[in-house]
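First comes the structure, then the notes that go with it.
In what follows, chains are A, B, ... by sequence order, proteins preceding strands, each numbered from 1. Values reported hereafter were calculated over all heavy atoms of this structure, with side chains retained and with hydrogens, waters and symmetry mates removed.
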Protein chains: 2
Amino acid sequence: MKVKEVADLAGVSVRTLHHYDEIGLLSPKEREESGYRVYTHTDLEKLQQILFFKELGFPLKKIKEIINDSSFNQKEALENHYKLLLDKRRRIDSLIGTVEKTIQYKKGEIVMTDEERFAGFDFSENPYEQEARDLWGEKTVNDSNAKIGGMSKQQQQELGEEFNEIYRKLAEIRHEAPDSEDAQKRIEEWYDYLNKIGDYSLDAFKGLGQMYVDDERFTKNIDKFGEGLAVFMRDAMAYYSDMHQ
Amino acid sequence: MKVKEVADLAGVSVRTLHHYDEIGLLSPKEREESGYRVYTHTDLEKLQQILFFKELGFPLKKIKEIINDSSFNQKEALENHYKLLLDKRRRIDSLIGTVEKTIQYKKGEIVMTDEERFAGFDFSENPYEQEARDLWGEKTVNDSNAKIGGMSKQQQQELGEEFNEIYRKLAEIRHEAPDSEDAQKRIEEWYDYLNKIGDYSLDAFKGLGQMYVDDERFTKNIDKFGEGLAVFMRDAMAYYSDMHQ
DNA sequence: TATAAGTCATAACGTAACGGAAGAGTCAAC
DNA sequence: GTTGACTCTTCCGTTACGTTATGACTTATA
């Protein structure tokens with residue numbers, strides 16, 4: 001399918017699809033010799049996913065992180081969408097209630113507190129946003145190590161790539177012993193990398209590793225690269241920092 | 001109430017309230033000697049209205065036009081909000097249906113057309129957006145005469161002011177005869193003004209006047225400045241163009 | 001009553017997700 | 001063989017705030 005067909009089908013603009021291509025969110029693999037974008041069935045499925053996330057208020061950057069993640073699970077995602085859409089409907093219902101009340105109030109039939117007047121607007125009041133966060137990981141793998149905050153977005157993105165690279169490499173060798181030469185070499189890379197961002201003492205480094213196992217949000221995100229990676233990293237990081245004191 | 005109280009109550013940021021003040025959407029009348037903004041009860045009611053419109057996807061500029069319009073009717077507005085929220089809920093329901101179907105599809109239980117895959121996303125498919133437009137006037141008075149498109153936003157805004165000015169003046173004299181000297185002088189201003197934007201022949205000018213009466217969207221918007229203004233303008237414009245052929 | 005914590009103000013720059021127009025190539029149809 | 005409908009890339013514009021930065025004001029507490 002060509003771009004306008006897709007746009008009409010999905011109810012988005014051609015410009016939007018171009019934009020999604022630009023930012024690498026949805027880039028149709030194929031191009032005709034003319035240079036025209038050709039969207040396959042799989043691209044349509046992906047677009048559907050994207051639109052679900054968008055409807056639920058996720059920023060495109062986050063959407064990209066989520067669905068490009070190798071461990072992204074479509075079925076799980078759909079079930080989460082389902083939950084979040086129900087929440088959203090509840091919010092709308094709450095707003096409808098507020099409108100009804102306000103109409104009555106205007107007629108002088110009831111009184112209304114200021115709080116009631118804003119019921120349904122306040123996102124923080126209901127679990128909607130929080131739930132979304134919980135379902136998809138507080139801040140995603142990319143910035144889960146904080147500190148990154150103080151850098152330019154440019155720098156962050158560049159680091160993000162390397163970040164994922166290191167995780168992938170570690171995942172590959174996660175069944176080796178944490179104190180093996182291979183593992184320790186990779187962990188050193190990890191330590192050096194972290195110190196390009198922040199300032200990690202060996203102790204902090206060790207503590208961070210422990211957190212990978214203790215904090216389930218970290219565990220979940222890290223294990224996306226491979227089951228058991230968090231534990232493996234904790235052990236390798238502990239060994240590394242003990243050895244270099 | 002001071003700004004943070006309001007922000008917390010309504011679930012918006014302080015910056016948002018500052019922004020609304022900046023653009024003149026919601027400017028608390030009172031200030032303490034310290035310069036602090038003080039929001040009254042009426043301001044809260046207005047904020048509620050604003051948030052309803054925002055929830056329904058109206059841009060702030062349009063919201064400002066609507067609620068600052070002297071003819072703005074709160075009760076009517078609330079009833080429209082109610083309708084539009086119901087629509088929105090239907091859209092969510094449709095999306096929920098789409099998720100359910102997609103899950104079944106993934107399980108291999110059903111087949112799914114590409115159209116079904118995007119049901120609920122496409123705003124143009126359901127009457128939601130169109131209804132919103134109908135309820136609040138196609139493009140509002142400001143740009144209902146098209147042509148303005150080819151100008152910088154700056155210029156448009158400047159013209160917008162004058163635009164409203166002319167309408168107001170015309171409304172003041174709308175009970176005089178359309179061929180009176182007064183009326184014809186004002187209509188000439190109107191003609192000159194239009195030709196600063198586009199290129200209106202006298203015939204086009206006459207036709208435009210007729211449209212003010214024939215197209216109920218125009219009628220509605222124009223008559224906001226005063227009941228019967230559209231008819232008055234049509235007659236005055238017809239007379240004017242006949243006289244200057 | 002001093003002083004720190006919290007809140008307020010303005011100002012100015014940054015960002016996200018496109019919109020819209022320009023200029024040029026492509027494709028199907030008549 | 002020329003329209004008319006699409007397509008491409010490029011680039012500037014816009015909306016609705018977010019995010020500091022800097023300085024003044026208020027309030028709770030030592």
Side-chain angles (χ1 to χ4, degrees), chain A residues 1-28 30-39 47 50-51 53-65 121 123 129 143 148-157, chain B residues 1-28 30-39 47 50-51 53-65 123 129 139 142-143 146-157 160:
Chain A
M1 288 177 83
K2 277 185 284 185
V3 69
K4 186 160 192 294
E5 282 179 273
V6 178
D8 289 344
L9 183 63
V12 301
S13 71
V14 170
R15 180 67 180 84
T16 297
L17 293 177
H18 283 171
H19 183 59
Y20 291 174
D21 193 356
E22 271 173 42
I23 64 174
L25 177 56
L26 179 67
S27 306
E30 304 280 332
R31 291 281 185 120
E32 284 180 351
E33 324 106 49
S34 52
Y36 289 9
R37 292 171 179 80
V38 181
Y39 291 83
L47 178 56
I50 292 169
L51 293 182
F53 279 109
K54 210 184 105 185
E55 174 71 31
L56 294 167
F58 288 77
L60 298 185
K61 219 170 118 185
K62 178 88 63 89
I63 298 179
K64 185 181 170 187
E65 286 171 12
F121 285 121
F123 276 66
E129 267 221 319
D143 43 350
I148 301 190
M151 317 176 57
S152 83
K153 293 292 161 185
Q154 184 75 32
Q155 288 173 305
Q156 279 192 27
Q157 210 135 14
Chain B
M1 289 177 84
K2 276 185 285 185
V3 69
K4 185 159 192 290
E5 281 180 273
V6 178
D8 289 344
L9 182 63
V12 301
S13 72
V14 170
R15 179 68 178 87
T16 297
L17 293 177
H18 282 170
H19 182 57
Y20 290 175
D21 193 355
E22 271 172 42
I23 65 173
L25 178 56
L26 180 67
S27 306
E30 304 279 331
R31 291 281 185 119
E32 284 180 351
E33 324 106 52
S34 52
Y36 290 9
R37 291 174 179 79
V38 181
Y39 291 83
L47 177 57
I50 291 170
L51 293 181
F53 279 110
K54 210 184 107 185
E55 173 73 32
L56 294 168
F58 288 78
L60 298 186
K61 219 171 118 187
K62 178 87 62 89
I63 299 179
K64 186 182 170 188
E65 286 171 12
F123 274 66
E129 268 221 317
K139 287 177 146 212
N142 267 343
D143 43 350
K147 301 262 184 178
I148 301 189
M151 317 174 59
S152 83
K153 293 293 161 185
Q154 184 75 32
Q155 290 174 304
Q156 279 190 29
Q157 210 135 12

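In this structure, A/I50 atom CD1 and C/dA17 atom P are separated by 12 Å, rounded to whole Å. As a whole-Å value, the separation of A/K4 NZ from D/dC8 P is 13 Å. Counting to the nearest Å, the P atom of C/dG6 and the CD atom of B/E5 are 17 Å from each other. Between the CG atom of A/D21 and the C1' atom of C/dC18 there is a distance of 14 Å, given to the nearest Å. One atom, CE of A/M1, and another, C1' of D/dT7, lie 15 Å apart when rounded to the nearest Å. Note: CD (A/E55) to C1' (C/dA17) measures 16 Å, nearest angstrom. Remark: C1' of D/dT15 and CG of B/L25 are 13 Å apart, rounded to the nearest angstrom. For the pair B/R37 CZ and D/dC25 C1', the computed distance is 15 Å after rounding to whole Å.
Contact record, A/L25 with A/K64: CD1-CA, 3.6 Å, taken as the closest heavy-atom pair. Taking each heavy atom of A/A7 and A/S13 in turn, the nearest pair found is CB-C, 4.0 Å.
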Under 3.5 Å, which N/O atoms of the protein pair with N/O atoms of nucleotides 2-4 of chain C?
none

Could you list the protein-to-nucleotides 16-20 of chain D atom pairs, N/O on both sides, closer than 3.5 Å?
residue : atom : partner : partner atom : Å
D/dA16  : OP1  : B/L60   : N            : 2.8
D/dC17  : OP2  : B/Y20   : OH           : 2.8
D/dG18  : OP2  : B/S13   : OG           : 2.7
D/dG18  : N7   : B/R15   : NE           : 3.4
D/dG18  : O6   : B/R15   : NH2          : 3.0
D/dT19  : O4   : B/R15   : NE           : 2.9

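Every side chain to side chain donor-acceptor pair (under 3.5 Å) that B/K4 has, sequence neighbours left out, goes to B/D8. Remark: B/E5 engages no residue in a side chain to side chain donor-acceptor pair (under 3.5 Å) (not counting sequence neighbours). Residues passing the side chain to side chain donor-acceptor pair (under 3.5 Å) test with A/H18 are A/R37, sequence neighbours excluded. Every residue was checked against the salt bridge (charged side-chain N to carboxylate O under 4.0 Å, His left out) condition with A/K2, not counting sequence neighbours, and none meets it. In terms of the salt bridge (charged side-chain N to carboxylate O under 4.0 Å, His left out) criterion, residue partners of A/E22 (sequence neighbours excluded) are, by chain and number, A/R15.
Summarising the geometry, atom CD1 belonging to B/I50 is positioned 11.0 Å from atom OG1 belonging to B/T16; distances are rounded to the nearest 0.5 Å. Rounding to the nearest 0.5 angstrom, the gap separating the CZ atom in A/F121 from the NZ atom in B/K54 is 9.5 Å.
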*Base, backbone or nothing for each nucleotide of nucleotides 22-30 of chain C, written B, S, -, heavy atoms under 4.0 angstrom, 5' to 3'?*
---BBS---
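Two residues are said to be in side-chain contact when any heavy atoms from C-beta on lie closer than 4.5 Å; A/L26 and A/Y39 meet this criterion.
Contact annotation: B/R31 side-chain N/O to C/dT10 OP1/OP2 distance is under 4.0 Å. Of the side-chain N and O atoms in A/H18, one or more sit less than 4.0 angstrom from OP1 or OP2 of D/dC8.
Here the rule is side chain to side chain contact (heavy atoms under 4.5 Å, CB included) with B/P28, and of B/L17, B/V6, B/D21 only B/D21 fits it.
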